[in-house]
Amino acid sequence: MSCQYSLLFLFLSGFTTAITVAEICKTELLEGTSCTIKLPTGNTDKSNEIKWAHLSSEAVVHRKNGKMRKNTPGLTMEEDGSLTFESVSLKNSGNYTYTVFNAEGTQIDAGEKEIKVYANAPKPTVKINKKYGITTLTCDFGERTDLTVSWYKEEMIIQNENNPNLLLTSAQVQENKPYSCSVSNPVSKEQSDSITVSFSEICKTDLLEGTSCTIKLPTKNTDKSYEIRWIHRSSDDRIHRKNGKIRKPIPGLTMEEDGSLTFESVSLKNSGNYTYSVFNYEGTELDAGEKEIKVYANAPKPTVKINNEDGNATLTCDFGDRTDLTVSWYKEDNIIQNENNPNLLLTSAQAQENKLYFCSVSNPVSKEKSDSITVSFSEICKTEQLEGTSCTIKLPTKNTDKSNEITWTHLSSGDFIHWKNGKIRKNTPGLTMEEDGSLTFESVRLKNSGRYRYSVFNNEGTQLDAGEKEIKVYAKAPKPNLTFQVVTMLSCDIGNHTDLAVSWYVDGKIIQNEKKPVLLLTSAQIQKNKPYTCTASNPVSSMESDSMTLTHETGSQSSEESSSYT
Ligand SMILES: *[C@@H]1O[C@H](CO)[C@@H](O)[C@H](O)[C@H]1NC(C)=O
Ligand SMILES: *[C@@H]1O[C@H](CO)[C@@H](O)[C@H](O)[C@H]1NC(C)=O
Ligand SMILES: *[C@@H]1O[C@H](CO)[C@@H](O)[C@H](O)[C@H]1NC(C)=O
Ligand SMILES: *[C@@H]1O[C@H](CO)[C@@H](O)[C@H](O)[C@H]1NC(C)=O
Ligand SMILES: *[C@@H]1O[C@H](CO)[C@@H](O)[C@H](O)[C@H]1NC(C)=O
């Protein structure tokens with residue numbers, strides 16, 4: 001048993017050694033190959049030092065006195081001084097220099113070897129582009145720059161100029177032959193699937209402008225037909241073939257062998273009904289009928305415009321004066337209105353949600369959507385307005401159509417915003433003027449309080465309107481804190497005289513003048529060792545009390561005169 005195992009082991013290890021011996025590097029290599037650049041130096045017995053260096057990178061492999069130094073993984077030096085790549089990569093491309101020295105340090109050989117590493121060619125695909133009557137085939141292989149393109153028709157090479165595009169004449173297209181392309185580099189090659197270009201696809205009813213297509217003649221057996229006529233009803237364009245001859249050719253319009261009608265490139269005016277009639281040699285009508293096509297231009301990219309009315313906002317989807325387009329409205333990617341209405345009304349509640357809106361316009365063959373916009377909504381400024389809110393002072397002037405110049409000025413600060421000939425001038429950020437001349441605060445501040453004066457002038461500089469609007473901005477009331485305080489109360493006893501006003505003083509300075517005969521002091525407010533007095537006065541006389549000095553927060557006191565306090 002054990003004997004069999006060791007034999008098997010020997011066999012396997014011998015095999016493994018055999019396959020790790022790398023082949024000799026060709027100049028052109030496929031990425032991932034393992035190979036060796038042989039050192040050309042004949043007899044390396046006398047060599048004491050061998051150095052390989054890659055000129056386009058810092059990679060070096062160096063052996064001296066049997067010791068190896070290297071700075072790049074995957075690169076090794078063989079016993080005989082050859083350079084081995086475990087697996088070449090694109091960045092290994094380039095020239096490698098070798099230098100060999102003997103024990104005395106004399107150079108006994110030197111030289112250079114080049115390798116070029118390539119990635120596998122990808123399988124290309126052929127794309128067809130038919131526009132305005134020209135058919136172009138494009139060989140698509142991504143962004144690679146190391147590949148050469150060739151073109152084939154029925155497997156025969158027809159173009160080898162490294163051009164990814166192949167232009168086909170209508171004659172070539174009509175042959176209905178398969179085309180393919182290949183891409184290659186020195187180490188690999190891939191060919192696309194073949195495609196057959198049929199000159200013209202069958203016209204759909206709805207067509208994009210510029211499409212090339214054919215309206216098939218529905219008549220089955222046209223062998224007996226002697227005369228075929230197509231008429232465009234709305235233009236009276238006609239194409240007519242009799243006895244094999246086309247009469248009155250119309251540019252861009254051709255009749256196929258089988259009587260079908262081909263447009264090189266449909267345009268909007270080609271829309272409409274086409275009637276066909278087929279006659280035999282005797283002039284008898286064999287078949288007749290009608291086909292309709294509708295040609296559309298590409299949808300343009302629409303833009304959303306906002307119109308802020310009192311309270312509500314209207315969004316308008318602007319796409320010029322095209323009449324073939326259907327409008328839809330979206331809020332955060334969900335469709336919310338599909339009634340083909342270019343306007344979307346937002347209530348103030350909706351506007352205040354600050355959501356993204358966009359519209360799309362489409363016709364049966366194309367669709368475009370606008371950029372998304374956020375409706376930021378501004379309410380009308382109240383006379384008393386909370387700090388930090390956004391609001392608008394409406395310009396009271398009714399018909400601003402004739403206005404050429406509008407100014408708003410804050411009387412207490414001189415802040416202004418000025419609109420003239422469509423140009424805005426202002427001296428303060430956060431103020432904007434609306435389309436209709438209204439004044440908008442992005443976020444009102446306490447200092448925005450006050451009166452704002454507006455003036456409106458017409459083209460001739462005549463003042464049409466002027467006036468003032470006032471706002472008062474308040475900060476949000478703070479949450480009061482309830483705390484426990486021990487207070488000292490001083491009373492200014494004036495009997496029951498109701499016609500006397502009481503004032504309070506400390507150290508001769510007035511501290512309360514609310515006519516109240518009591519003064520409340522928290523222990524923190526007490527001015528220690530200072531004399532407190534009160535006065536009682538009426539319009540014609542005044543009398544001051546004796547003073548009292550408060551000493552301790554405990555409320556103990558000393559009185560110069562007779563007052564006592566416990
Ligand atoms: C390598 O060297 C050869 C000959 O010296 C030169 O023609 C070639 O351009 C070099 N290649 C690179 C990648 O520098
Ligand atoms: C084409 O013909 C159909 C059916 O006869 C008709 O409904 C349609 O309106 C016509 N189209 C035009 C553009 O005249
Ligand atoms: C705003 O829209 C609501 C709901 O559509 C309507 O009831 C209200 O009258 C509108 N307000 C204004 C000022 O148009
Ligand atoms: C109430 O107390 C809190 C916490 O000390 C403080 O941040 C706040 O400003 C106080 N409110 C007022 C009205 O002083
Ligand atoms: C206070 O006024 C009342 C009448 O309003 C009177 O009866 C009383 O005597 C007065 N007291 C003093 C101390 O003057």
Side-chain angles (χ1 to χ4, degrees), residues 24-31 33 35 37-40 51-61 72 75 83 85 88-99 109-119 144-147 185-187 202-209 211 213 215-218 229-239 253 261 263 266-277 287-297 322-326 363-365 386-388 446 474-485 487 520 522-525:
I24 306 300
C25 295
K26 298 188 202 74
T27 308
E28 278 139 353
L29 292 164
L30 183 62
E31 198 182 19
T33 310
C35 70
I37 306 181
K38 278 283 167 204
L39 183 70
K51 184 175 167 185
W52 282 97
H54 184 208
L55 294 184
S56 30
S57 77
E58 302 283 294
V60 171
V61 186
T72 308
L75 264 189
L83 181 67
F85 298 87
V88 289
S89 68
L90 298 183
K91 64 177 170 32
N92 293 139
S93 284
N95 285 309
Y96 291 81
T97 57
Y98 58 90
T99 354
D109 196 12
E112 194 174 64
K113 285 274 181 177
E114 183 174 12
I115 63 168
K116 290 176 193 154
V117 184
Y118 296 90
R144 294 275 295 268
T145 55
D146 62 321
L147 300 167
N185 58 28
V187 296
I202 303 303
C203 296
K204 299 188 201 75
T205 306
D206 296 315
L207 293 164
L208 184 62
E209 199 182 18
T211 311
C213 71
I215 306 180
K216 278 280 167 202
L217 182 71
R229 200 163 60 200
W230 282 96
I231 301 174
H232 182 212
R233 297 272 293 265
S234 30
S235 71
D236 212 33
D237 275 355
R238 46 184 74 212
I239 183 159
L253 209 56
L261 182 67
F263 299 87
V266 289
S267 68
L268 299 183
K269 63 178 175 31
N270 293 138
S271 285
N273 284 309
Y274 290 81
T275 56
Y276 59 89
S277 332
D287 195 13
E290 192 172 60
K291 284 275 179 177
E292 184 173 13
I293 62 168
K294 289 175 197 154
V295 185
Y296 297 89
R322 292 274 295 266
T323 54
D324 61 323
L325 299 167
T326 312
N363 58 29
V365 296
L386 179 64
E387 189 187 26
L446 298 182
Y474 294 89
K476 200 173 171 195
K479 179 183 175 182
N481 290 324
L482 183 63
T483 60
F484 176 78
Q485 296 279 342
V487 296
L520 296 180
T522 65
S523 52
Q525 286 172 318

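Each ligand, and each atom within it, is numbered from 1 in the order the structure gives.
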Side-chain contact, heavy-atom cut-off 4.5 Å: [X] with [Y]?
X      : Y      : result
Asp109 : Tyr98  : yes
Phe263 : Leu253 : yes
Glu112 : Leu55  : yes

Heavy atom of protein closer than 4.0 angstrom to [atom]:
atom                    : result
atom 2 (O) of ligand 4  : yes
atom 14 (O) of ligand 4 : yes
atom 5 (O) of ligand 2  : yes
atom 9 (O) of ligand 2  : no

Which of the atoms of ligand 2 are close to Asn273, meaning less than 4.0 Å from one of its heavy atoms?
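Counting from 1, the qualifying ligand atoms are 1 (C), 2 (O), 3 (C), 8 (C), 10 (C), 11 (N), 12 (C), 14 (O).
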
Closest non-hydrogen protein atom to atom 12 (C) of ligand 4, residue and atom name please, with distance?
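Sorting protein heavy atoms by distance from atom 12 (C) of ligand 4 puts Asn481 ND2, 3.5 Å first.
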
For Trp230 and Ile215: C-alpha separation, side-chain torsions, deciding distance, then whether side-chain contact (heavy atoms from CB on, under 4.5 Å) applies.
CA-CA 10 Å; Trp230 282 96; Ile215 306 180; 3.7 Å; yes

Ligand 2 versus Glu290: contacting region, heavy-atom distance under 4.0 Å
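The part of Glu290 near ligand 2 is the side chain, not the backbone.
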
Rounded to the nearest 0.5 Å, how far does CG of Asp206 lie from CD of Glu292?
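Reported value, rounded in 0.5 Å steps: 9.0 Å.
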
Need the ligand 4 atom indices (1-based, order shown) with element for anything under 4.0 Å from a heavy-atom of Lys479.
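Ligand 4 atoms under the 4.0 Å threshold to Lys479: 11 (N), 12 (C), 13 (C).
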
Under a 4.0 Å N-O cut-off, is there an ion pair linking Asp146 with Arg144?
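Salt bridge between Asp146 and Arg144, a charged N being under 4.0 Å from a carboxylate O: yes.
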
